[in-house]
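No experiment lies behind these values; they were computed from the predicted model shown. Per chain, numbering begins at 1; letters A, B, ... match sequence-line order.
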Amino acid sequence: MAQISLTFPDGNSRDYEAGVTPQEVAASISKSLSKKAVSAQIDGRHWDLQWPVEHDAAIAINTNDDPAPALELIRHDLAHIMARAVQEIWPDVQVTIGPVIENGWYYDFDRAEPFTPDDLGRIEAKMREIIAARDPVRTEIWERDRAIAHYRERGEPYKVELIEAIPGDEPLRMYWHGEWQDLCRGPHLQHTGQVPADGFRLMSVAGAYWRGDSTRPMLQRIYGVAFRTKAELAAHLTMLEEAARRDHRKLGREMDLFHMQEEAPGQVFWHPNGWSIYTSLQDYMRRMQRAHGYVEVNTPQVVDRKLWEASGHWDKYQEHMFIVEVDEEHAREKAINALKPMNCPCHVQIYNQGIKSYRDLPLRMAEFGSCNRYEPSGALHGIMRVRGFTQDDAHVFCTEEQIEGECARFIDMLAQVYRDLGFESFDIKFSTRPEKRVGSEESWDYVETALENAIKATGHPYTLDPGEGAFYGPKLDFKLTDAIGREWQLGTFQVDPNLPERLNASYVAPDGAKRRPYMLHRAILGSFERFIGILIENYEGKLPFWLAPRQVVVASIVSDADGFVGEVTDMLRKNGIRAEADTRNEKINFKVREHSVGKVPVILAVGAREVEERSVSVRRLGDKGTRSVDLDTLVAELSAEAAAPDRR
RNA sequence: GCCGCAGUAGCUCAGAUGGUAGAGCAACGCAUUCGUAAUGCGUGGGUCGGGGGUUCGAGUCCCUUCUGCGGCACCA
């Protein structure tokens, strides 16, 4: 029997017979390790304790104390245990796939009747039985034909399709959890008792297309979450409650920011408080754009289809556009228009007025462009995904040599904006040519290289996302992480050689020749609607002072103070602070509670003493105590704080 | 768009088995003038998402439609 040498994490190595399993290796080290072992890493690859090792390798034994492999195994085994439980309860249900995902797993089933929330309880109970039974897990490698025949015989076409999609040179592995069998690449735990019976929960049922393809059958998906301990599960559930507390739809109502109604699905009715946030943000962005060399324009909402045909959107996105037909009685000629779903074709129209010289480039053209897109009904979500929205959109017309500089300039601006708005870091994703695309391979080669050089030159780290570019060009996407760790994709920077071509944009080069400019599509916030939703959730409604719709409430403690309350409120307003007086006949406790719940950053209480001293008692949102401040100090303090970050 | 769930007062929600609606908070009125997260009492408020049907009778049962929610798909 051949010998192999296995090297342990401490650098020592030991010889074993080829085909030794990590379980045997662990047992050779100590009894306790063999008991605690859950899986191994063989040359860095996650390895089942039952799989033989045939060659020299680096080996590490994983135990339940190694979170990443342990969670992977627990979740993966639970996926199988759940599938087994479902088939034990409903033998006619077909199983398909069940991968591990963030925080848990899901498994997709084919079943005529959808699962009900009540079914989840039954399934969970059955799963606990399986866990309590401590059924052994075993695995075998099967011949392809045998596996296909097995699933054909059982009438499991989904599994047959899965097997057929696995490359021919890859071994097919079967796993058994007790008597229950599933095709699976593994690794798995050693018996069902190794998953924590109190560390998981089935969360929800949802439809999901087979293989993610909307033309294929819809399966029933069950989602579960799982952790190593009951405490970790509880912490996760608490985090979900935290996210629900921050929900912008809930806070939007509580803070009286906006509403939506069924007569205008996917569109926002901004209330005074919400519109205040919107305009503060827009004013800030307008100043930033000016400071970074943009000109601002505004273009029509209703545009003849001829322009959309020319730009290519009519062909590609017609079903997502609001089409506007004017009644012939009202129009001389029947015209078919569309609400603009984006601003770029209109910006090219402005660019095309007059002849442009290379001296005019780069031309940075910005618009707070109101767009309408007929988003699929299932995509709508609060103010985050809507049908009517406004982008902080801009297009940079430039030469190919200018792409790199414009990219760097854009990232500078974006970094400053994100920092000003309370997000310290962001991730960059570089997306290259997709399968469906326009333009020559040479052109793609050129712009991908240019964009990659540009991003490299800025020194920002980035990850590659092959095949995810726009149909007309490669792009950079910018993602940030919010206060509770959720990621949001916001900014974008896209190189487009296509639209200038289609809409015949040109400039006169130094040699007198007519050339095509490149067009760079870029946005930092994305849409105001979505970004404000993100801000609300990130800050849990407690917006920074400069963005808060009601910055200060001046509340009287006794009605004798009402006059002074009015005086203080007026003075703050004259100094540009959004202040309101609250002289209702209510106790100060009541007013403090109400305005605290309403997320007003500063409450000023005024009673007899303050009137006497011409001062106010300042209470900050989130603070317990108060302090007494004279009016001059108050105005100086609040004015400084009310200034937007770019004005400090 | 697809699968599932839901829609009752401004908000949160209750209304076995069909017998024409109820609570808390909010609003409004009165009293109370009170020192930092809910003062007391009283009053008003709903064509039960829309349309159609079954029935003597529908919030409740059936059909249809709209909207929302959770996923999937989509996201120029």
Side-chain angles (χ1 to χ4, degrees), chain A residues 106 108 111 113-117 119 203-223 247 249-250 253-254 256 259-266 308 311-313 315-321 340-345 371 373-382 384-387 389 391 393 434 469-473 475 489 492 494 496 498-499 521 526-527 530 555-562 583-598 603-610 617-628:
Chain A
Y106 67 77
D108 286 346
R111 180 180 185 230
E113 289 286 297
F115 295 104
T116 66
D119 291 339
M203 300 297 283
S204 57
V205 193
Y209 297 110
W210 168 236
R211 315 213 93 188
D213 183 341
S214 60
T215 64
R216 313 212 50 189
M218 179 149 290
L219 307 173
Q220 304 296 325
R221 175 173 297 178
I222 301 178
Y223 284 94
D247 192 310
R249 293 164 297 192
K250 179 172 168 283
R253 190 170 48 237
E254 287 171 4
D256 196 14
H259 86 273
M260 304 177 87
Q261 63 186 52
E262 58 179 277
E263 286 80 358
W308 305 116
S311 69
H313 292 98
D315 269 353
K316 209 162 162 42
Y317 294 107
Q318 195 187 145
E319 61 178 322
H320 297 297
M321 289 163 77
K340 71 172 169 187
M342 51 178 7
N343 309 298
C344 21
C371 295
R373 294 180 185 174
Y374 189 78
E375 299 285 3
S377 56
L380 302 178
H381 176 84
M384 300 269 211
R385 186 83 185 268
V386 286
R387 288 180 176 159
F389 56 94
Q391 297 174 310
D393 196 14
F471 71 92
Y472 48 74
K475 61 176 181 171
Q489 187 170 310
T492 189
Q494 312 176 354
D496 183 1
N498 175 54
L499 198 61
H521 307 251
S527 92
R530 189 164 106 103
S556 56
I557 296 172
V558 291
S559 54
D560 285 349
D562 288 357
T583 55
R584 291 174 303 171
N585 177 12
E586 296 289 352
K587 292 173 74 165
I588 192 65
N589 286 297
F590 179 88
K591 295 182 184 180
V592 166
R593 180 183 149 78
E594 188 175 280
H595 300 307
S596 298
V597 169
I603 299 170
L604 304 177
V606 176
R609 196 164 65 227
E610 285 74 17
S617 165
V618 182
R619 185 191 168 102
R620 293 253 168 192
L621 184 60
D623 289 358
K624 286 204 182 95
T626 65
R627 65 201 174 92
S628 180

Determine whether A:His521 and A:Tyr472 satisfy the following criterion, ring pair (Phe, Tyr, Trp, His ring centres under 6.0 Å), listing intermediate values before the conclusion.
CA-CA 11 Å; A:His521 307 251; A:Tyr472 48 74; 5.1 Å; yes
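No aromatic stack links A:Tyr223 and the base of B:rG71, using centre distance under 5.5 Å and interplanar angle under 30°.
Residue A:Ala379 is in base contact, counting any heavy-atom pair closer than 4.0 Å across all strands shown. The residue A:Gly382 sits close only to the backbone: its heavy atoms come under 4.0 Å of sugar-phosphate atoms, none of a base. Within 4.0 Å of A:Ala555, counting heavy atoms only, lies no atom of the nucleic acid at all. Note on A:Gly212: only backbone sugar-phosphate atoms sit closer than 4.0 angstrom, heavy atoms only; bases stay farther off. Using a 4.0 Å heavy-atom cutoff across all strands shown, A:Arg385 reaches at least one base atom of the nucleic acid. Residue contacts for A:Pro341: at a heavy-atom cut-off of 4.0 Å it reaches a base atom on one of the strands shown. Within 4.0 Å of A:Tyr472, counting heavy atoms only, lie sugar-phosphate atoms of the nucleic acid but no base atom.
Computed from coordinates, the A:Arg253 CZ to B:rU12 P distance equals 4 Å when rounded to whole Å. A:Met321 has its CE atom 10 Å from the C1' atom of B:rA76, to the nearest Å. If you take CZ of A:Arg584 and C1' of B:rA27, they are 12 Å apart, rounded to a whole angstrom. Residue A:Asp256 contributes atom CG, which lies 12 Å from atom C1' of B:rC11 at whole-angstrom precision. The nearest whole Å value for the distance from the CZ atom in A:Arg387 to the P atom in B:rC74 is 18 Å.
A:His381 has a side-chain polar atom (N or O) that falls below the 4.0 Å cut-off from OP1 or OP2 of B:rG70.
Using a 4.0 Å cut-off between a side-chain N of Lys or Arg and a carboxylate O of Asp or Glu, A:Arg593 and A:Glu586 do not qualify as a salt bridge. Salt-bridge annotation for A:Arg211 and A:Asp213: absent, with no side-chain N of the basic residue lying under 4.0 Å from a carboxylate O of the acidic one. The residues A:Asp119 and A:Arg111 are annotated as salt-bridged, a charged nitrogen and a carboxylate oxygen being separated by less than 4.0 angstrom.
The C1' atoms of B:rA76 and B:rA6 are separated by 33 Å, rounded to the nearest whole Å. For the P atoms, the distance from B:rC28 to B:rA37 is 24 Å, rounded to whole Å.
Here B:rU67 sits opposite B:rA6 as a Watson-Crick or G-U wobble pair (both hydrogen-bonding atom distances under 3.5 Å). Of all nucleotides present, only B:rC41 satisfies the Watson-Crick or G-U wobble test against B:rG29, with each distance under 3.5 Å.
At a cut-off of 3.5 angstrom, the base of B:rG1 holds no donor-acceptor pair with the side chain of A:Tyr374.
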What's touching nucleotides 3-7 of chain B from the protein side, N or O pairs under 3.5 Å?
{"unit_1": "B:rC3", "atom_1": "O2", "unit_2": "A:Gly207", "atom_2": "N", "d": "3.3"}

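Taking the six-membered ring where the residue is Trp, A:Phe471 and A:Tyr317 present tilted rings, their angle falling between 30° and 60°.
Here A:Tyr209 pairs with nothing under the side chain to side chain donor-acceptor pair (under 3.5 Å) rule; sequence neighbours left out.
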So if I define the base as every atom that isn't primed, P, OP1 or OP2, how would nucleotides 36-44 of chain B read as a B/S/- string at a heavy-atom cutoff under 4.0 Å?
BBBB-----
